[in-house]
Novice: 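Can you keep this structure in mind? I'll have questions shortly.
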Amino acid sequence: MSKDPIGFINRLEPPTSWTKGIFVIVIVIVGLALLGSIVISAWIAAPIESVVEGPNGDKILLTREIDDFFVMIGSTALGALAGMLVPNPKD
């Protein structure tokens with residue numbers, strides 16, 4: 001191996017039996033991360049059922065802000081899914 005590393009790498013066979021299974025597992029995990037971030041963000045963004053009176057006597061509906069963490073996880077998972085599901089340009 002140390003005498004001809006390029007030849008050794010060229011003789012290796014790719015693990016074809018694992019490729020499809022690992023790809024499916026990664027797609028499922030990333031998809032669940034995307035769906036989870038969407039559901040949690042929607043739950044956080046739902047308005048609170050309490051209305052308070054403002055300083056001028058007007059009524060204010062209390063809302064919560066979505067954490068940047070959930071936005072980051074969702075956008076990263078969406079980008080990962082798009083990158084993995086794009087067809088190979090060699091095919």
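Because only heavy atoms are used, hydrogens play no part in the values below, and waters and symmetry mates are left out as well, while side chains stay in.
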Novice: Could you tell me whether the side chain of D4 reaches within less than 4.5 Å of the side chain of F8, counting heavy atoms only?
Specialist: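 F8 vs D4: side chains apart.
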Novice: Check whether any side-chain heavy atom of F23 sits under 4.5 Å from a side-chain heavy atom of I27, and report yes or no.
Specialist: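 Sidechains of I27 and F23: in contact.
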Novice: Testing the basics here: between A45 and I66, what is the closest heavy-atom pair and its distance to 0.1 Å?
Specialist: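 Shortest heavy-atom contact: CB-CD1, 3.8 Å.
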Novice: Considering all heavy atoms of both residues, which atom of F70 and which atom of S37 are nearest to each other, and what is their separation?
Specialist: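 So the minimum-distance heavy-atom pair works out to O-CB, 3.7 Å.
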Novice: Can you name the nearest heavy-atom pair linking V30 to A77, along with the distance?
Specialist: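 Nearest pair, atom of V30 first, then A77: CG1-O, 3.4 Å.
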Novice: Which pair of heavy atoms, one from V26 and one from M84, lies closest together, and at what distance?
Specialist: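 The pair with the smallest heavy-atom distance is CG1-SD, 3.5 Å.
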Novice: Under 4.5 Å between side-chain heavy atoms, hopping through other hydrophobics if needed: is there a path connecting M72 to W43?
Specialist: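 Cluster IDs for M72 and W43 match.
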Novice: Could you tell me the separation between the CD1 atom of I73 and the CG atom of D67, rounded to the nearest 0.5 Å?
Specialist: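 If we round to the nearest 0.5 Å, I73:CD1 and D67:CG are 11.5 Å apart.
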Novice: Could you see if L85 belongs to whatever hydrophobic cluster contains L78? Use Ile, Leu, Val, Met, Phe, Trp, Tyr and a side-chain cutoff under 4.5 Å.
Specialist: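 Same cluster.
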Novice: Would the number of heavy atoms belonging to other residues, nucleotides or ligands and lying under 6.0 Å from CG of D58 be above 12?
Specialist: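 Enclosed: over 12 neighbouring heavy atoms sit under 6.0 Å from CG of D58.
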